[in-house]
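Worksheet: the structure to be examined is printed underneath.
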Amino acid sequence: MTNAIEIEDLRKSFGPVEIIRGVNLELRRGERHALIGPNGAGKSTLFHLISGRLPATSGKIRLNGHEIQGKSPAEIAHAGLSRSFQITNIFPEMTVLENLRCAVLWKLGHRYSVLRPIRRLRDVNAECERLLVELGLQDRRAERADTLTYPEQRALELGLAVASGAGTLLLDEPMAGMSHTETAAALDLIKRVTEGKTLLMVEHDMGVIFEVADRISVLVYGEIIATGTPEEIRANPAVQEAYLGTATEEAA
Amino acid sequence: MANTVLENATAAPVAPEEPHVLRSGETLPWIVVLVALVALPLVFTGGSQISTLNYLGVMAIFALSYNLLLGQTGLLSLGHATFFGLGGFAATHAVLGFAEAGVNFPLPLIPLIGGVVAFVLGIFGGWLASGRGGMPFAMITLGLSELVYSASNLFPSLYGSEEGVSMDRMDLGSSFGMDYGANSHIYVIVADCLVISAVVLKYFTTTPLGLLTNAVRDNAERVEFLGFSARRVRMWAFAVAAGFAGVAGSLAALNVEIMTVNELGAATSTLVLLMTYIGGTRTFFGPVLGAVVIGLMRIWLSDITPAWMMYFGLLFIFVVMAVPGGLAEMLQGGRRLITSGLLRAQLRPLAGVALAGAVGFAGTVILVELGYRAGLDASLGPAIRILGLPLDTTRPLSWGLGLVLVAGGGWALRQQLDALATRRHALAQPHREAVQ
């Protein structure tokens with residue numbers, strides 16, 4: 001069985017500065033993989049490279065065995081990868097329901113159709129209904145997305161990523177800016193909606209990471225210095241020195 | 001701020017179903033449009049009056065098509081008249097061609113030809129312009145329209161020379177029991193086309209592609225990550241908008257039986273932009289309202305005053321600054337106010353706003369008219385009647401009156417708007433508690 005994602009010697013430079021410096025990473029199918037690292041390590045850049053938002057300078061990215069580097073975000077989405085954003089990236093002037101409708105159109109094959117009004121498309125309605133319940137947004141369906149509370153917007157953000165039906169999800173700090181109770185609820189939600197999918201997730205909250213991740217990779221200055229189970233990473237002296245030590249001090 | 005509180009407080013409990021299907025607030029404009037289309041030709045029966053109605057109908061379709069780009073897809077096209085004009089030329093040449101070939105093609109179907117031609121050209125233009133939204137899109141549409149406009153010198157047989165291409169709409173003979181000699185016959189075609197265009201464009205907004213145009217407007221980048229090409233969505237929106245602009249252009253050609261290159265120039269593109277914006281881009285029928293108001297201003301105001309372009313500009317600035325939602329939103333606000341039952345309590349400050357606004361406006365009119373008479377129309381002499389007052393461009397008192405009215409009206413308007421805001425705030429508080 002091929003891995004969900006395989007990254008080989010991936011590099012990205014902005015001018016003379018190399019931000020991603022030869023990353024190698026494998027995501028096994030169905031695993032929850034966390035990507036950690038100090039600020040400026042290149043985590044978001046790596047996400048942008050995988051999802052096609054930025055072109056890589058060199059290297060290879062394979063999704064389910066197919067090379068996707070150099071492809072557009074839309075093509076990569078068709079290949080089965082979906083992502084959420086660190087900064088909420090939804091359709092602010094549309095309702096919650098309309099947001100979700102946009103996200104399920106492609107997988108249900110309606111695409112650019114003008115054949116029928118969208119409210120008559122039973123499969124779209126049923127799928128949106130299921131998502132609304134799953135995301136806990138059923139009472140907010142007719143609200144404009146920009147009027148939702150922050151955790152609700154984050155839930156919708158996650159919903160847009162999940163709704164496309166992709167088997168591999170990249171979540172960029174899904175819990176950023178949330179309180180403790182909100183984080184717990186969001187974590188529950190993420191576990192529920194990503195059941196059975198391959199997950200690569202950037203997160204700063206170590207409690208969350210050690211609870212959710214099957215494996216962890218540590219990115220420091222554009223290089224992955226370690227990959228392993230949470231126990232292995234916790235015990236890794238290089239990681240402790242480069243990252244965890246300072247992070248726990250900061251958190252304390 | 002007080003305004004939003006009021007709106008929230010008075011909004012009916014949100015229906016959990018279907019936010020975009022016809023709500024009561026959306027059926028009323030359809031009824032108004034249909035009633036107006038039937039009633040207007042019964043009231044205005046003169047030949048030139050009907051021709052004016054035809055012109056307004058044409059502009060209404062044109063503005064509706066433009067709003068598919070501006071309001072729905074968030075694209076600022078600076079060259080929409082290109083497709084209005086090309087559709088018009090296609091229709092004109094179709095009439096000439098059928099007449100020469102002796103084909104009895106029904107005239108009401110001619111706009112379909114103009115529309116299809118413009119749609120096909122719109123696919124091509126849209127493909128060129130739609131790589132990105134925002135500034136690049138605006139610039140490319142401007143460039144394309146200049147290109148098409150200047151090409152008129154290269155193809156005189158297509159565009160006609162300076163006097164344009166004329167035709168006789170009666171050459172195709174009678175169909176549907178009309179010979180199309182009278183303007184009222186053309187009105188029947190225009191009115192039908194307006195209703196059909198409105199229905200089709202409204203339908204378009206309810207389809208998956210229509211929803212995606214909104215998504216591209218809100219956040220084009222995210223659309224890509226959902227698997228769609230924002231370029232393709234823009235391109236189709238552009239082509240559909242071009243097609244209906246072509247229908248409008250064809251109708252314009254049938255109405256006046258002549259097509260000139262001015263119809264596809266920058267002035268026409270600006271006109272449709274202003275009509276749509278002033279009418280309101282976030283309401284489906286807003287552009288129709290804008291087309292009617294601006295259309296009438298162009299016709300009537302230009303008879304009354306040489307400074308009509310100035311008022312046109314002032315209206316635009318007023319809308320941009322005071323009611324960005326356009327005249328349609330202003331009407332909706334008024335309707336909400338009446339149905340909220342809070343109108344009586346606000347009547348005094350509202351009357352104050354209206355009075356102060358009227359005084360300031362009167363002062364503006366005096367200054368504008370005096371300015372025009374002193375400058376452009378100096379040969380007509382210094383004495384002038386403005387708003388019934390005998391004024392004189394050489395007398396400081398005349399200018400002073402204008403200045404005093406503008407300054408006094410402006411100052412009073414500020415006071416009255418403050419009073420209105422305070423009043424609304426006071427009204428909103430207990431009302432909100434009652435709702436909760």
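By convention in this document, chain letters (A, B, ...) are assigned in the order of the sequence lines, proteins followed by strands, and residues within each chain are numbered from 1. What you see is a predicted model, and the numbers here were worked out from it, not measured in a lab.
Chosen from A/Leu81, A/Val124, A/Leu105, the residue pairing most often with chain B at heavy-atom distances under 4.5 Å is A/Leu105. Across A/Ala166, A/Gly52, A/Pro117, the residue that shares the most heavy-atom pairs under 4.5 angstrom with chain B is A/Pro117.
Both the backbone and the side chain of B/Phe225 come within contact range of chain A, judged by heavy atoms closer than 4.5 Å. When heavy atoms are compared at a cutoff of 4.5 Å, B/Phe228 approaches chain A by way of both its backbone and its side chain. Using a 4.5 Å cut-off between heavy atoms, A/Arg111 contacts chain B through both its backbone and its side chain. Looking at A/Arg140, there are no atoms closer than 4.5 Å to chain B (heavy atoms on both sides), in backbone or side chain. The part of A/Leu115 that comes within reach of chain B is its backbone (N, CA, C, O), which places non-hydrogen atoms under 4.5 angstrom from that chain.
For the atom pair CG of A/Leu10 and CD1 of A/Ile61, the computed distance is 4.5 Å after rounding to the nearest 0.5 Å.
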- Yes or no on ring-ring contact (aromatic ring centres under 6.0 Å, His included) for B/Phe62 and B/Phe244, after CA distance, side-chain angles and deciding distance? CA-CA 7 Å; B/Phe62 192 25; B/Phe244 282 98; over 10 Å; no
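Ring-plane geometry between B/Phe83 and B/His80 is classed as tilted, the angle between the planes lying from 30 to 60 degrees on a 0 to 90 degree scale.
Annotation: cation-pi pair B/Lys202/B/Phe204 absent, no NZ/CZ under 6.0 Å from the ring centroid and within 45° of its normal.
When atom types are taken as modelled, the side chain of A/Arg32 and the backbone of A/Lys191 share a donor-acceptor pair closer than 3.5 angstrom.
Checking A/Arg29 against A/Asn64 by side-chain atom types alone, a donor-acceptor pair falls below 3.5 Å.
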